[in-house]
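Take a look at the structure below.
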Amino acid sequence: MKDTDIKRLLYTHLLCVFSIILSVFIPSFFLENFSILETHLTWLCICSGFVTAVNLVLYFVVKPNASSKRSSLSHKVTRFLKCCIYFLMSCFTFHIIFVLYGAPLIETFLFAVILSTFTTIPCLCLLGPNLKAWLRVFSRNGVTSIWENSLQITTISSCVGAWLGALPIPLDWERPWQVWPISCTLGATFGYVAGLVTSPLWIYWNRKQLTYKNN
């Protein structure tokens with residue numbers, strides 16, 4: 001494992017963090033009274049768009065995974081359509097789970113979109129619409145690169161952050177950020193950012209113990 005690969009991973013993750021920061025400040029120049037709390041649903045859409053765009057750009061620039069042997073136009077179109085379907089399936093799956101717990105429909109779907117952006121989009125960029133690869137990466141000792149290692153950490157930290165964000169909702173503090181789904185989305189966002197920052201550091205700290213098998 002080369003230190004240059006870890007540095008490239010770190011710089012890539014910092015750009016993803018920067019995309020979230022941009023989603024907070026840039027819209028305020030164009031939208032009146034824009035804020036994360038007061039216009040939360042609008043921010044969810046903007047943040048999802050920023051993070052998705054940066055992930056796609058980094059995927060084409062950095063190219064962390066091996067290039068596919070098939071590069072025909074029809075294959076690329078089919079792959080793109082499958083990725084879109086997988087993303088929508090992820091959104092609807094999260095949405096159904098949250099609604100079954102009693103959450104409202106519209107706000108919950110946007111929360112499902114942002115959570116899918118933090119979890120499913122990176123998986124699609126790195127692994128593509130390949131369920132076997134997804135199961136391999138999220139199984140024990142199934143990763144084959146530092147990129148897949150970081151994917152494990154960021155995905156799990158996003159979901160854990162969303163779950164922790166739901167804990168203050170039933171408390172009677174009467175704070176504006178306790179309104180659904182603000183605390184959950186903030187928790188997922190902080191979890192995603194924490195995973196982006198800590199995963200390269202964790203990999204660097206444990207680089208001598210980490211070994212990867214070729215897929």
Side-chain angles (χ1 to χ4, degrees), residues 16-17 19-28 31-56 81-127 129 131 134-135 137-138 151-199:
C16 291
V17 174
S19 68
I20 295 180
I21 297 175
L22 290 178
S23 71
V24 175
F25 292 101
I26 287 184
S28 61
L31 300 177
E32 188 177 356
N33 298 325
F34 175 83
S35 69
I36 294 179
L37 296 182
E38 296 180 1
T39 56
H40 187 68
L41 299 183
T42 302
W43 176 77
L44 287 183
C45 299
I46 295 174
C47 182
S48 179
F50 270 76
V51 174
T52 300
V54 170
N55 270 275
L56 292 176
L81 293 177
K82 285 184 178 180
C83 288
C84 293
I85 293 173
Y86 275 47
F87 177 73
L88 290 176
M89 290 175 59
S90 173
C91 293
F92 284 118
T93 300
F94 281 130
H95 183 243
I96 292 173
I97 293 174
F98 300 144
V99 168
L100 289 177
Y101 277 96
L105 289 176
I106 298 178
E107 295 88 343
T108 301
F109 183 75
L110 293 178
F111 172 51
V113 169
I114 195 69
L115 189 57
S116 296
T117 301
F118 294 153
T119 57
T120 307
I121 290 295
C123 290
L124 291 172
C125 289
L126 185 64
L127 305 174
L131 285 180
W134 290 30
L135 294 174
V137 169
F138 292 99
L151 187 63
Q152 282 184 332
I153 297 173
T154 54
T155 301
I156 294 174
S157 62
S158 299
C159 294
V160 172
W163 178 74
L164 292 176
L167 296 181
I169 291 179
L171 302 179
D172 57 351
W173 295 345
E174 297 182 356
R175 296 290 190 271
W177 51 267
Q178 286 181 274
V179 178
W180 173 264
I182 296 178
S183 63
C184 290
T185 55
L186 293 180
T189 304
F190 286 128
Y192 178 64
V193 171
L196 290 173
V197 174
T198 59
S199 58

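Note that CD1 of Ile36 and OG of Ser23 are 7.0 Å apart. Values are rounded to the nearest 0.5 Å. The CH2 atom of Trp180 sits 8.5 Å away from atom OG1 of Thr185, with the distance rounded to the nearest 0.5 Å. Here the NE2 atom belonging to His40 is positioned 5.5 Å from the CG atom belonging to Leu186, to the nearest 0.5 angstrom. Remark: Leu151 CG to Trp134 CH2 distance equals 9.0 Å, nearest 0.5 Å. The line from CG of Leu124 to CG of Asn55 is 10.0 Å long, rounded to the nearest 0.5 Å. Taking CD1 from Ile153 and CG from Leu196, the interatomic distance works out to 10.5 Å, rounded to the nearest 0.5 Å.
No more than 12 heavy atoms of other residues, nucleotides or ligands lie within 6.0 Å of CZ in Phe190, so this atom counts as exposed by the packing criterion.
Side-chain atoms of Gln178 come within 3.5 Å of backbone N or O of Leu171 as a donor-acceptor pair. Within the 3.5 Å criterion, the main-chain N or O of Leu41 finds no donor-acceptor partner in the side chain of Glu107. At least one donor-acceptor pair closer than 3.5 Å links the side chain of Ser157 to the backbone N or O of Thr154. Distance alone, capped at 3.5 Å, places no donor-acceptor pair between the His95 side chain and the Thr108 backbone. The backbone N or O of Phe25 lies less than 3.5 Å from a partner atom in the side chain of Ser28, making a donor-acceptor pair.
Each of Thr93, Val99, Leu100 was evaluated against Ile96; a single residue qualifies, Leu100, per the side-chain contact (heavy atoms from CB on, under 4.5 Å) test.
In this structure, Ile20 and Phe118 have side chains that are in contact, with non-hydrogen atoms separated by less than 4.5 Å. Looking at heavy atoms from C-beta onward, Thr42 lies out of side-chain contact with Pro27 at the 4.5 angstrom threshold. Using a 4.5 Å cut-off on side-chain heavy atoms (C-beta onward), Ser116 and Ile121 make no contact. Counting heavy atoms from C-beta outward, Phe87 and Val113 have side chains that approach closer than 4.5 Å. Counting heavy atoms from C-beta on, the side chains of Leu31 and Thr39 never come closer than 4.5 Å.
When ring centroids are compared, Phe98 and Phe109 stay outside the 6.0 Å threshold.
Taking all atoms of both residues into account, the shortest heavy-atom contact from Ser158 to Thr119 is CB-CG2, 4.0 Å. The nearest pair of heavy atoms linking Cys123 to Thr155 is SG-OG1, 4.2 Å. Here the closest non-hydrogen pair linking Ser183 and Ile169 is OG-CG1, 3.2 Å. Residues Thr120 and Tyr86 come closest through the heavy atom pair CG2-O, 4.3 Å.
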Legend entry - Derivation and outcome, side chain to side chain contact (heavy atoms under 4.5 Å, CB included), residues Cys125 and Leu56: CA-CA 7 Å; Cys125 289; Leu56 292 176; 3.9 Å; yes
